[in-house]
J.: 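One structure follows; several queries about it will come next.
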Amino acid sequence: MQHGCKDFVSAKTFELMTFFNDKVDVHHVFPQAWCRKRGLDWKVYDSIVNKTPLSKRSNILVSGDAPSIYLNRIEEKHGLTSAQLDDILRTHLIEPSHLRTDDFDGFIAARLDALSELISSALDKPVIKRHGADEMELDLDDEDEDMTAEADDDLATV
């Protein structure tokens with residue numbers, strides 16, 4: 001929200017006041033019902049990567065349909081061109097082509113990268129995107145191993 005994401009329908013920028021006044025909530029980009037029908041892993045489709053702030057009005061238009069369907073519905077009902085809606089989607093760090101083709105895997109991969117870059121920039125530190133992907137195994141020397149064993153013994157007596 002701090003970077004100016006806009007509502008899918010009104011194109012109004014979300015700010016602290018509009019967040020509360022316009023009944024904004026965090027909703028799924030690829031709807032849960034659509035994901036369940038395809039047998040997708042709930043840990044992926046229910047993650048923050050597949051969620052974004054939407055007004056109640058926008059969420060109703062999203063419904064449980066595929067993104068390609070609800071994007072067309074938003075354009076038709078609210079007179080937006082595809083280019084205008086694509087610009088709005090990009091304010092959410094969403095690549096429109098993934099939604100227009102119902103490409104869930106491409107969407108997740110691209111959005112994970114975009115959100116990771118945003119977090120990394122805010123923290124001024126690299127972000128590990130997948131468990132174990134960028135981790136290095138460290139060798140403990142004998143002294144560290146002894147200290148670890150002592151700490152484990154101490155915890156066992158508690």
J.: For a quick test of reading the model, state the closest non-hydrogen atom pair linking L61 to H78 and the distance between them.
T.: CD1-NE2, 3.3 Å
J.: Could you measure the distance from the NZ atom of K51 to the CG atom of L115? Nearest 0.5 Å is fine.
T.: 13.0 Å
J.: Between N50 and Y45, is any pair of side-chain heavy atoms under 4.5 Å apart?
T.: yes
J.: So, S116 side chain and L112 main chain: donor-acceptor pair closer than 3.5 Å or not?
T.: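 Yes; judged by distance alone, with no hydrogens or angles, the pair exists.
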J.: Would you say the side chain of Y70 lies within less than 4.5 Å of the side chain of V29, judging by non-hydrogen atoms?
T.: yes
J.: Taking only residues two or more places apart in sequence or in another chain, which ones pass side chain to side chain donor-acceptor pair (under 3.5 Å) with S63?
T.: none
J.: Closest heavy-atom contact between P96 and I94?
T.: CD-O, 3.2 Å
J.: Between atom CG of L118 and atom CG of L123, what is the distance when rounded to the nearest 0.5 Å?
T.: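 With rounding to 0.5 Å, CG (L118) is 9.5 Å from CG (L123).
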J.: Which heavy atom in R57 sits nearest to a heavy atom in V9, and how many Å separate them?
T.: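 Closest heavy-atom pair between R57 and V9: NH2-CG1, 3.2 Å.
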J.: With rounding to the nearest 0.5 angstrom, report the CG to OG distance, D103 to S68.
T.: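 The CG atom of D103 sits 11.5 Å away from the OG atom of S68.
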J.: Do V62 and P31 come close enough that some side-chain heavy atom pair is under 4.5 Å?
T.: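 They are in contact (side-chain heavy atoms under 4.5 Å apart), so the answer is yes.
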J.: Under the ring pair (Phe, Tyr, Trp, His ring centres under 6.0 Å) rule, collect the residues that match up with F104, sequence neighbours excluded.
T.: F30
J.: List the atom of R111, the atom of V49, and the distance in Å for their closest heavy-atom pair.
T.: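 For R111 versus V49, the nearest heavy atoms are NH1-O, 2.6 Å.
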J.: Provide the closest heavy-atom pair for A110 versus H98 in the form atom of the first, atom of the second, distance.
T.: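 Looking at all heavy atoms of both residues, the shortest contact is CB-NE2, 3.8 Å.
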J.: How long is the gap from SG on C5 to CG on L93, to the nearest 0.5 Å?
T.: 8.5 Å
J.: Do the side chain of D7 and the main chain of S55 share a donor and acceptor less than 3.5 angstrom apart?
T.: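 Confirmed, D7 side chain pairs with S55 backbone.
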J.: For I88 and Q84, what are the C-alpha separation, side-chain angles and deciding distance, and is it a side-chain contact (heavy atoms from CB on, under 4.5 Å)?
T.: CA-CA 6 Å; I88 291 169; Q84 289 171 318; 5.5 Å; no
J.: Between H28 and N59, does any side-chain donor sit less than 3.5 Å from a side-chain acceptor?
T.: no
J.: Enumerate the salt bridge (Lys or Arg N to Asp or Glu O under 4.0 Å) contacts for residues 69-88, please, sequence neighbours excluded, ordered by first and then second residue.
T.: D65-R73, E75-R100, D86-R100, D87-R90
J.: Show me the donor-acceptor pairs, under 3.5 Å and distance only, between side chains in residues 33-42 and residues at least two apart or in other chains.
T.:
| unit_1 | atom_1 | unit_2 | atom_2 | d |
| --- | --- | --- | --- | --- |
| R36 | NH2 | Q32 | OE1 | 3.2 |
| R38 | NH1 | W34 | O | 3.0 |
| D41 | OD1 | K43 | N | 3.0 |

J.: With rounding to the nearest 0.5 angstrom, report the CG to OG distance, L89 to S97.
T.: 10.5 Å
J.: Residues in ring pair (Phe, Tyr, Trp, His ring centres under 6.0 Å) with H92, at least two apart?
T.: F8
J.: Could you pull out all residues at least two apart from K6 that satisfy salt bridge (charged side-chain N to carboxylate O under 4.0 Å, His left out)?
T.: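 If we apply the salt bridge (charged side-chain N to carboxylate O under 4.0 Å, His left out) test to K6, skipping adjacent residues, there are no hits.
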J.: Enter the distance from L99:CG to I69:CD1 here, rounded to the nearest 0.5 Å.
T.: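 Separation between the atoms: 12.0 Å.
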